[in-house]
Amino acid sequence: MLCGIGETFRRLKDSGRKIILFELVYKLGATAIVYPLLILMLEGLLAASGVNYLTNEYIVKILANPFTWCVAFVALIVFVAYCVYEMSYLLVCFESQRQACSVSMMDIAWTALKNMRGIVDVHRLPLVLYYFISLVAVNIVVICNLVLSETTRNVLRMYIFNGISVLRWVIVALLAAMFIYVIPRIFVFCISLLTGVNVKQACNRSRSLVRKNLFKVLGSLLVYNLSVLIVIFVFYLFISIILVAGVKLLDMAYMGSAIYLSVLKYVRVGTKLVLVYTAVPMSFTLIYNLFIRLYHEDDIELIIFHTGLSTRIHGSKIYAGVLALSIVLNCVYMMVSFNKNPFEKIAIFHETKITAHRGSSITAPENTLAAFQEAINNMADFIEIDVTLTKDGIPVVIHDSNALRTTGVNREISDMTFYEVKQLDAGIYHSAEYAGERIPTLYEVLELAKGKIEVNIEIKPGNNSMEVAEKVVEAVRAKSMVSECVVTSFEIEPLRRVKQLEPQIQVGYILVVAYGDFYNMEDVDFFSVNAAFLTKRLVDAIHNSGKQIHAWTVNNQSSIKNLSNKGVDNIITDDPVLARETVYSRNTSETIVNMAKYVFNR
């Protein structure tokens, strides 16, 4: 059994260059084509259904639509054909190498395509689906890792199982039946392509071969899946050790859980991508090796079809060109996706962002550069700041109109010059550690935040709110941060003025009480709502109006988790570390979350 796994790796190594280059071109090329098509399909689906946000409930309704099943079936056929061609290429490559045939990559690709024509005729079409199912049956660990995240488990529990425990056992029974049916026919693909027999004969030969070597086959499949599981476990363990050591060395244990869960999120995505790219070649190599070891007939025959290209250089140039173009396109997709999640309109892929309310105001004095730097260090997505004008018209960042609460000086900011405001100590009220911390200007805050964190600029209500709006737009433009700032207010007129001066700036209307159909307002891009009034129905209604929703001000774990589960886009909090840790724990098993808290003493 272990020998079979070793042969799998040796065969991949022997066919090295031809396999690696083909897989890179095939997978990256497919990603470059499928990714934009997927985005277009999503946009088309949203437009056709008349909604702007796919809630989990709506996704379930869509899945119950027969048209959805038709589209899914066509997509499945295309995907299966894609996988079958990959298997055909691997088979030709391995067999030509075993028979010591000197062939180019283009010849292998052309031969695989010719073989595909014989596989996907009308009479053999059901067999194509069967080939795909066999790969699924072999890659049990990979499929579970790809599909069974905490998010999908929660959705299944809520909308599919919904208390019907017997349904779980029905699904388990169906999967077991599929496995029992598929495994005896695991060699059908190899037999039908290499011997030329019809489907029925190939099935009979495969069943006979598996029956005679049942324990070898099952043992090899078990060892393969266990090997994948061990590799994944060791990789996660390695990453965990590095993260824990790094956090301890940097003396950042207070936010260790948040860092760990944040990194784990991206490690999980990367792991799934690697599994998607490697599952077919690894599992099919195992199947082929088992077949060659167990099949002792002498009727294997492989016919190589040559492309007609005069030299191998032509084929190499074609592969290199396609690979280079695919890499460029995928890099572009990654950069675009990093700045904006293309699937943010789908609830199951929704990601709640964190806004540090007046900076990290628990650990540093509010609305100071120290608090904003702390928010950056704490991995918040936004900082929320409050802007008012001094007597001489300079925009400064302070929440109250009077400086008493945060500086001890009982004077109105609007009655003080900029010089006088800068003499105030905004840190001593918090602790002696921050003595001498000054009230910053809007320009100073934007300079600190640029390229590091986005800024939510709140315009306070007042007689000069329109002037404040103009000063805010002026500062945002001066710092070239139109795409990094949003503007909010309790008043609609300043927001309209911002939009009039700079339509690209996103504006949000702040609501203390949420009632009526306010979400149909056309002058705002999102709503910032008191968290106490946010129900799932209200969140969905706002999303379906094409707008986002921010919740304020949330400082306990249960409320943060509840709002994140409801689909809130942004949570405004005084404790961004707790919020980050809570949001990321939604997609992580409770065991790992508790382990992280234990390790980092949270």
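Only this structure's heavy atoms are used, side chains among them; waters, hydrogens and symmetry mates stay out.
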Side chains of [X] and [Y]: does their closest heavy-atom pair fall under 4.5 Å?
X	Y	answer
Ser564	Val568	no
Val486	Val507	no
Ile292	Glu95	yes
Ile327	Leu28	yes
Asp525	Lys499	yes
Ile300	Phe291	yes
Asn378	Ile354	no
Leu193	Ser88	yes

So which atom in [X] and which in [Y] form the shortest heavy-atom distance, rounded to 0.1 Å?
X	Y	value
Lys547	Val524	CE-O, 3.1 Å
Ile108	Ser96	CD1-OG, 4.4 Å
Cys485	Ile505	O-CG2, 4.1 Å
Ala375	Ile383	CB-CG2, 3.6 Å
Ile186	Ile287	O-CG2, 3.7 Å
Ile19	Cys93	CD1-SG, 3.7 Å

Distance, nearest 0.5 Å, that separates [atom1] of [X] from [atom2] of [Y]:
X	Y	atom1	atom2	result
Ile33	Ser326	CD1	OG	7.5 Å
Thr278	Leu273	OG1	CG	10.5 Å
Lys561	Thr352	NZ	OG1	12.5 Å
Met379	Glu581	CE	CD	9.5 Å
Leu91	Phe189	CG	CZ	6.0 Å
Leu286	Leu290	CG	CG	5.0 Å

Exercise. Do the rings of Phe284 and Phe94 sit parallel, tilted or perpendicular, given the 30° and 60° boundaries?
Worked result: parallel

For this session: Measure up the Phe79 and Tyr82 rings against each other and bin them: parallel (under 30°), tilted (30 to 60°), perpendicular (over 60°).
Result: parallel

Exercise. Is the closest basic N to carboxylate O distance between Asp540 and Lys566 below 4.0 Å?
Worked result: no

Exercise. Are Lys450 and Glu484 close enough for a salt bridge, meaning some N to O gap below 4.0 Å?
Worked result: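 Here Lys450 does not pair with Glu484 in a salt bridge, since their nearest N and O are not under 4.0 Å apart.
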
For this session: State whether a side-chain donor-acceptor pair under 3.5 Å links Tyr26 with Thr31.
Result: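 Per modelled atom types, Tyr26 and Thr31 side chains form no pair under 3.5 Å.
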
For this session: May I ask you to check whether Thr355 and Asn570 show a side-chain donor-acceptor distance below 3.5 Å?
Result: yes

For this session: Take Lys27 and Phe22 through the test side chain to side chain contact (heavy atoms under 4.5 Å, CB included) and record every step on the way to the result.
Result: CA-CA 8 Å; Lys27 298 293 172 60; Phe22 168 78; over 6 Å; no

For this session: Determine, step by step, whether Phe187 and Tyr295 satisfy the ring pair (Phe, Tyr, Trp, His ring centres under 6.0 Å) criterion, reporting the C-alpha distance in whole Å, the side-chain angles of both residues, the deciding distance to 0.1 Å, and the verdict.
Result: CA-CA 10 Å; Phe187 301 124; Tyr295 190 78; 8.9 Å; no

Short question: side chain of [X], backbone of [Y] - any donor-acceptor pair under 3.5 Å?
X	Y	value
Ser206	Ala202	no
Lys353	Ile571	no
Asp569	Ile549	yes

For this session: Please test Thr271 against Phe235 for side chain to side chain contact (heavy atoms under 4.5 Å, CB included), starting from the C-alpha separation and ending with a verdict.
Result: CA-CA 9 Å; Thr271 301; Phe235 176 69; 3.6 Å; yes

Problem set entry | From CA spacing to verdict: side chain to side chain contact (heavy atoms under 4.5 Å, CB included), Ile376, Leu448 | CA-CA 10 Å; Ile376 294 171; Leu448 173 68; 4.2 Å; yes

Problem set entry | Criterion ring pair (Phe, Tyr, Trp, His ring centres under 6.0 Å) on Phe526 and His550, from CA distance to verdict | CA-CA 7 Å; Phe526 65 93; His550 297 202; 4.1 Å; yes

For this session: Using the side chain to side chain contact (heavy atoms under 4.5 Å, CB included) rule, take Val228 and Leu275 through it: C-alpha gap first, then chi angles, then the decisive distance, then the call.
Result: CA-CA 9 Å; Val228 173; Leu275 290 175; 4.3 Å; yes

